[in-house]
Every structure is written in C-alpha cells, then in structure tokens.
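Comments concern the structure below.
Every chain is numbered from 1 and lettered A, B, ... according to where its sequence line falls, protein lines coming before strand lines. Because the structure is predicted, anything quoted here is derived from the model rather than measured.
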Amino acid sequence: KGEVGTDGKKKVKKEPEEKWKWWEEERYTDGVKWKFLEHKGPVFAPAYEPLPSNIKFYYDGKPMKLSLGAEEVGTFFAKMKVLIFRNFFNISLESETSLLLSQRPGRPCLRRRSRYPTPSKNKEENERILQEYGFCVMDNHKERIANFRIEPPGLFRGRGDHPKMGMLKRRIRPEDIIINCSKDSQHPKPPPGTKWKEVRHDNKVTWLVSWTENIQGAIKYIMLNPSSRIKGEKDWQKYETARRLKKCVDRLRAQYRDDWKSKEMRIRQRAVALYFIDKLALRAGNEKEEGETADTVGCCSLRVEHITLHPEKDGKEYVVEFDFLGKDSIRYYNKVPVEKRVFKNLQLFMENKQPEDDLFDRLNTTILNKHLQELMDGLTAKVFRTYNASITLQQQLKELTSPEDNVPAKILSYNRANRAVAILCNHQRAPPKTFEKSMQNLQSKIDAKKEQLSDAKRELKSAKADAKVRRDEKSKKAVECKKKAVQRVEEQLMKLEVQATDREENKQIALGTSKLNYLDPRISVAWCKKWGIPVEKIYNKTQREKFAWAIDMADEDFEF
DNA sequence: GGGCGAACTTAGTATTGGAATG
DNA sequence: CATTCCAATACTAAGTTCGCCC
C-alpha cells in the first residue's frame, strides 16, 4: 500500500491496529462491569487568575478591595452581564466579535474584541492533556473517557424558568472527589498537597470519578465515551429490548385498550397514560420537587391545565389539545384525535378537579413501570420511545426511498425519515441565529448555478449547430464534452436544491438527539448497504465510532 | 408504596476547528 | 491573511430507572 507524498517519497501508511470487536466477546453477567480499571483521575478547572491591580471594584463610587473569592464571583457576574448585553444587541448576528464592558465605573461602554485574542496556542496543550487524562484502561483495552474535565465554577443557569438560576456553582476541589478504580491499578494521584475524598474499588458501577454538585446536591460522574465497550453494550441491549417490545406490542395494545373499560380508576388511568406514551412518544414523567427545578412535566405528571378536550375540532371528533413544557422546558403542543373511550375517560379524570391538579391522580412512574415489567421483562416507559422511534424510521425509509433517486436525493429521504422521528419525539431547537442569512447564501449559490447551467446549455446548443455544419469527429467530440458539462452542472444544481430543502425543513427540528439515542443504528446501516450509500454520508466520524458495533454487524437484510 | 440516593441516559446550546471565502 | 461559515465537539442540565430503607 502506501501513497506517494508531495515530496516524492513513499509515505508508509501505518496499518491501524486491529480494531477490537467487543461485540464478538462474551459479556459479564451478575452486575460486574469490569475486572480492571486504571486512570489518571480528573483534570481540575484552571485556578482563578486575579485581575491586574489597576482594575478595581467600586462600591458607592469608591474603590474597594475584594477577597480573591469575591473577586472571582464578581467576574462571573460580569461575564453574565456581557452575555446579556451581547444577546440584547444581537451582536453575533452582525459579526463574530464579542463585547467587553468598559472597566471604568458608572460608564457602561462597549468595545469590540476579535474572536481570536491569542491564536490557538492552547491547542497543543489541550492535545497533551487529552493524551494524558483522556483515556483509561478498562479490562485489557484503552478506552476514551467522555468528560475528564471537572466542571468549572460559575453562575448556574438552568433551562427555562429555573428557580435556582444565578446561584453560585462552587469550585470542585480534590477533597470533593471520589475516585473509582481497581485495587491493583496505579491509583490516580491528587494534586500536590491535597487528598481525594475517597478512593473506592466498586466494579459494579461504570464511573471513574464522582463528586456532589452544590446546586441540586446531585452526584456528577466521569464516565467513558460512547465508543467504549461499556456504553456500546448497553446501547445495543437497549435496542434489543425495544425489538422484544415489537414482538409483543400488539398484545400490549389490546390489553390497554381493554383496560380503558376497567371498573377501577387506577387501571383506567394507567391504560390511558400508556396509550399516550405509546401513541405520542411522551416521556414517563416523574414527580419533581417544587421550587427545586423548572416546572416541567411528562405523561404521568400531566396536570388538568395541560390538556383541553374538544368534542369536535377542525372537522375531527374527540380531539385532545396538549400544551405543556417537557424536558428542558421545550414546549409540547399537539392536537390529537383520540378514541371515544379515551376521550370519555379523560373527561372522567378531570371531573371536579382544579387546573393545577394531577390528571392521573392514581398513577405515577413507579406504578406504571411495575405494570410494564409484568407485561414484558425489562419493559419500562422509555422503551416505547425507543421502539416507536426506530420502527418509524424503518417504515419511513421504506416509504420514502425511491430506487431511481440519486445519492443526494436518497439522503434527503433519509433525513426526512429521521425528521419524522424527531417530530414524533418533539426534538426541537432554536432556529440558528444566522439561519436566514445562511439560507440567502445558499439561494445565491443556487442562482449562480442556474446561470452557469443556462450558459452550459447555450454552449451545448452552439456546439451541436457547429457539428451539424462541419460533420467531423472533432466537433462531435466537442458536443459530447458539452453534454457532459451540462449534466455535471445539473447534478450540482440539484444537490444544492436538495440541500436548501433539507435545511429549510430542519429549521426548528433537531435530528441529532434521535439519531444518537433512539434510532437503532442497524436500521440505518442496513439502508446504506441496501442502496449503496456510503455510511459516512449518514454518520460522521464520532457517530461511526459510537455505532461501530452496528456497522460491523448489520447487513442489508437487517429488520428491526 | 413513599422517599431518597445513586447510576445512567437523554437533551439543547455554546464553543471550537478547520474549510471556504474575500 | 483575516474573516466568515458550518459541522463537529464540548458541555452540563435534566430526565428515567432502580434498589434500598422505613
């Protein structure tokens, strides 16, 4: 092998090490996650660098000396203010500059600053840290760590209307850190003069490092990359569970439809909730502590105020209008015609209730999941989301792919199938700030290409006329050449137009989440193999690493 | 069964890297 | 060479599930 480099010497292409196929190996049973685990511990947030002494903090117009900690928190506040200014003036829309607040007291004044204050000199250092801390050894393999950096301190900003927004997220010290590794490994060393909170050797869990965060009191973890064996196995298992649901979903659906008629209220509520989870791909909806988090809901935690019943709406009977904030305070809005029995049940559940009362007052996620567990081993509410997402992709791909389409058109179909899933799962995004502009840019590219096409066509015409007169080989060849040019430009134009359609349809829809978390990758791989689409067109490098098991395993006949 | 801690998955957005463009 | 642009990546919040304790 080996290519010839620009210097004329033969470049020796190193044959990559044989990739480890963990999916061909036996799996652990009994809850053991690993036998050996060695790592270097976390990378701490860089220490706070005090401001130069000529920059002062003013209170009541007078300079005031702050403790280092107070000064640091002050800079957090200032940063947030700058951010608010920037967003208020929508600066990023105009150019890639950020704003600095004037240091002078009482004189807010904005200065522009280039995005590149120092040309990426940190790149090398980052690479070094990645090599040192970004990998661990788990059982006999070097594996990539997902998040080896400790979260830096700052002001907490939750999503949506979060009651704790603005609280100080404190700096994490070695004394806060629990290390998990195997006894017989080289234990990570805490920074000089410090100690870990604890070093433990628990091989029933997958995390390497943990600490408790001070805003919610939740535990944070450092874990492995999605390409790792430990994550990949779990992911594969998830899709296998969803495929088992496929085998019995008809029975389950018949069951919950039957339960709509139950004389027990709790069973009716359970059955209607399950119907929503199945039909609308709603999340389970755990209870949340009031005042601790933003007020968001899922299926079991829906309140009366989140639905409106319309006996008739837009020419349809028994329409339920949903309007609530789900995970990450993303709005779910949908008008759904439902069976009469569901409608009547909902009326019953809402009787004599206030808007802020629970719709399903006899139900919660624990009760629902206990029931599901009895119906199928390993079944929980979220399996329905995985199942419905994956089956929808498979159906849509079948429906939308035209054999006679070229590659870009087929990829548009793939993205449309993906989009159908994203809409089902309500995966939304804020339209990119530069969306309009980038659409305009694309449109002018299209216009230019159209111009180019008509030029090419004109040239072809004159070449044809020329050939008719001269009737020689050379002019015939010229005609062929021009024909090919027209074809080439037509293809390029089509590609651009497909790209524009795709982008427009994607304005407020996020495909990534479903692609990464809900769609059995074997469906996509099989589709690629069936239609001769390179898998790189569907999955980027990271995604190919995460789904290596599927790319290796699935052939074109794979059925979810 | 209710409360709670722990572990792990899922989520949208901010930042970055590097190619394209001027 | 600087700037613009977009895809990829980094980040970390916000969910679900499970097991344990009472």
Side-chain angles (χ1 to χ4, degrees), chain A residues 31 33 83 86-87 92 94-98 114-116 119-120 122-123 126 130 134 146-152 154 156-160 162 164-165 169 178 180 202 204-207 210 212-213 215-226 230-231 234-235 237-238 283-289 292-294 296-301 325-330 364-370 372-373 378-383 385-386 389 422 425-430 432-435 437-438 441-442 445 499 503 508-518 539-543:
Chain A
K33 303 290 168 60
L83 201 79
R86 192 170 72 184
N87 287 336
S92 50
E94 298 168 44
S95 66
E96 278 202 19
T97 51
S98 61
S114 159
R115 180 184 151 190
Y116 309 104
S120 60
N122 294 334
K123 213 191 141 191
N126 276 337
L130 171 68
N147 56 325
F148 52 87
R149 286 170 200 276
I150 301 279
E151 297 170 17
F156 175 83
R157 266 173 310 149
R159 315 247 166 104
H162 198 114
K164 300 200 171 180
M165 171 169 53
K169 185 165 113 172
I178 303 174
N180 192 34
D202 182 356
K204 299 278 172 78
V205 297
T206 67
W207 54 267
S210 78
T212 302
E213 151 273 333
I215 304 287
Q216 322 273 355
I219 307 172
K220 300 258 185 166
Y221 303 93
I222 292 181
M223 291 182 184
L224 297 195
N225 202 58
I230 211 151
K231 294 289 182 190
K234 199 78 187 293
D235 207 37
Q237 193 181 75
K238 172 181 79 186
R283 294 185 186 83
N286 287 299
E287 288 130 294
K288 307 169 78 186
E289 211 176 328
E292 292 292 305
T293 60
T296 64
V297 297
C299 186
C300 294
S301 51
L325 297 182
K327 183 178 180 180
D328 293 314
S329 294
I330 297 292
N364 61 38
T365 55
T366 310
I367 296 171
L368 180 64
N369 281 334
K370 277 219 173 96
L372 293 176
Q373 189 58 239
L379 187 61
T380 63
K382 84 187 186 86
V383 178
R385 246 167 106 80
T386 311
C425 295
N426 200 39
H427 291 142
Q428 301 189 34
R429 62 166 185 174
K433 281 183 180 155
T434 53
F435 184 83
K437 199 175 169 188
S438 91
N441 288 349
L442 196 50
K445 266 192 193 171
Q499 200 186 343
R503 194 179 291 180
Q508 302 194 72
I509 309 213
L511 298 187
T513 304
S514 50
K515 201 176 203 173
L516 242 43
N517 300 299
Y518 289 103
Y539 291 137
N540 68 29
K541 185 165 160 283
T542 313
Q543 293 164 341

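Of the side-chain N and O atoms in A:Arg385, one or more sit less than 4.0 angstrom from OP1 or OP2 of B:dA11. A sub-4.0 Å separation between OP1 or OP2 of C:dT12 and a side-chain N or O of A:Tyr221 is absent. Look at A:Thr206 and you won't find any side-chain N or O under 4.0 angstrom from OP1 or OP2 of B:dA7. Between A:Thr513 and the phosphate of B:dG12, there is a side-chain N or O to OP1/OP2 separation shorter than 4.0 Å. Within the structure, a side-chain polar atom (N or O) of A:Arg503 is placed less than 4.0 Å from OP1 or OP2 of C:dC6. Phosphate contact (OP1/OP2 of B:dT10, side-chain N/O of A:His427, threshold under 4.0 Å): absent.
The side chain of A:Lys445 has B:dT21 as its nearest neighbour among B:dT21, C:dT12, B:dA6. Of the listed nucleotides (B:dG12, B:dT13, B:dA7), B:dA7 has the atom at the smallest distance from the side chain of A:Val205. Nearest nucleotide to the A:Lys327 side chain, out of C:dG15, C:dT12, C:dA7: C:dG15. Of all nucleotides listed (B:dA6, B:dC8, C:dC6), B:dA6 comes nearest to the side chain of A:Ile219. The nucleotide whose nearest atom lies closest to any side-chain atom of A:Lys231 is, among B:dT9, C:dA8, B:dT10, B:dT9. Residue A:Asp202 places its side chain closer to B:dA7 than to any other of B:dG12, B:dA7, C:dG15. Each of C:dT16, C:dT12, C:dA14 was ranked by its minimum atom distance to the side chain of A:Arg283; first place goes to C:dT16. Comparing B:dT10, C:dG15, B:dC8 by their closest approach to the side chain of A:Met223 singles out B:dC8.
The main-chain N or O of A:Lys231 is never found under 3.5 Å from a side-chain atom of A:Asp235 such that the two would form a donor-acceptor pair. One N or O on the side chain of A:Glu213 and one on the backbone of A:Ile215 form a donor-acceptor pair closer than 3.5 Å. Distance alone, capped at 3.5 Å, is enough to place a donor-acceptor pair between the A:Asn369 side chain and the A:Ala381 backbone.
Using modelled atom types, one finds a donor on one side chain and an acceptor on the other under 3.5 Å when comparing A:Ser438 with A:Arg503. A:Thr386 and A:Lys238 form no side-chain donor-acceptor contact under 3.5 Å, judged by distance and modelled atom types alone.
Where A:Asn147 and A:Ala294 each meet DNA chain C at their nearest nucleotide, the meeting point lying more 5' is that of A:Asn147. When the nearest nucleotides of DNA chain B are assigned to A:Lys370 and A:Thr212 by heavy-atom distance, the more 5′-ward of the two goes with A:Lys370. Residue-to-nucleotide proximity on DNA chain B shows that, of A:Asn364 and A:Lys238, the 5′-proximal contact is made by A:Asn364. Nearest-nucleotide positions on DNA chain C for A:Thr542 and A:Gly285 put A:Thr542 closer to the 5' end.
C:dA7 atom P lies 12 Å from atom CG of A:Leu511, rounded to whole Å. Protein atom CD of A:Glu287 is 11 Å distant from nucleotide atom P of C:dT16, rounded to whole Å. One atom, CD of A:Glu213, and another, P of C:dA14, lie 10 Å apart when rounded to the nearest Å. What separates CD of A:Glu289 from P of B:dC4 is a distance of 7 Å, to the nearest Å. Rounding to whole angstrom units, CG of residue A:Leu516 and C1' of B:dA11 are separated by 10 Å. Residue A:Lys541 contributes atom NZ, which lies 13 Å from atom C1' of B:dG17 at whole-angstrom precision. Spacing between atom CH2 of A:Trp207 and atom P of B:dA7 amounts to 6 Å, rounded to whole angstrom units. Here B:dC8 presents its P atom at 16 Å from NZ of A:Lys220, a figure rounded to the nearest Å.
Axis angle, first five pairs versus last five pairs of the helix from B:dG1-C:dC22 to B:dG22-C:dC1: 0°, rounded to 10°.
No engagement by A:Ile367 is indicated, since no non-hydrogen atom pair under 4.0 Å with the nucleic acid exists. Residue A:Lys169 is classed as a sugar-phosphate contact, given heavy-atom separations below 4.0 Å to backbone atoms only. Within the nucleic acid shown, A:Ala430 comes within 4.0 Å of sugar-phosphate atoms alone, with no base atom in reach, counting heavy atoms only. Using a 4.0 Å heavy-atom criterion, one finds that A:Pro226 contacts no nucleic acid atom at all. At a threshold of 4.0 angstrom between heavy atoms, the contacts of A:Gly326 are confined to the sugar-phosphate backbone, with no base atom among them. Among the atoms of the strands shown, base atoms are found under 4.0 Å from some heavy atom of A:Arg159. A:Ser438 comes within 4.0 angstrom of sugar-phosphate atoms only, judged by non-hydrogen atoms across all strands, and of no base.
Here the closest non-hydrogen pair linking A:Leu224 and A:Ile230 is CD1-CG2, 4.1 Å. Between A:Arg429 and A:Ile509, the shortest heavy-atom contact is NE-O, 3.6 Å. Between A:Ser210 and A:Tyr221, the closest heavy-atom pair is CB-CD2, 3.8 Å.
Ring orientation note: the planes of A:His162 and A:Phe156 are nearly perpendicular, at an angle over 60° on the 30°/60° scale.
Not a single donor-acceptor contact under 3.5 angstrom links the side-chain atoms of A:Lys234 to the base of B:dT9.
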Is there any protein nitrogen or oxygen under 3.5 Å from a nitrogen or oxygen in nucleotides 17-19 of chain C, and what are the pairs?
| residue | atom | partner | partner atom | Å |
| --- | --- | --- | --- | --- |
| C:dT17 | OP1 | A:Thr380 | OG1 | 2.8 |
| C:dT17 | OP1 | A:Ala381 | N | 3.2 |
| C:dT17 | OP1 | A:Lys382 | N | 2.8 |
| C:dT17 | OP2 | A:Asn369 | ND2 | 2.8 |

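Taking 4.5 Å as the limit, every side-chain heavy atom of A:Ser301 sits out of range of all side-chain heavy atoms of A:Asn286.
Ion pairing of A:Glu151 with A:Lys169 is present here, as a side-chain N (NZ or NE/NH1/NH2) and a carboxylate O approach within less than 4.0 Å.
Put simply, OG1 on A:Thr513 and CD on A:Gln428 are 11.5 Å apart, with the number rounded to the nearest 0.5 Å.
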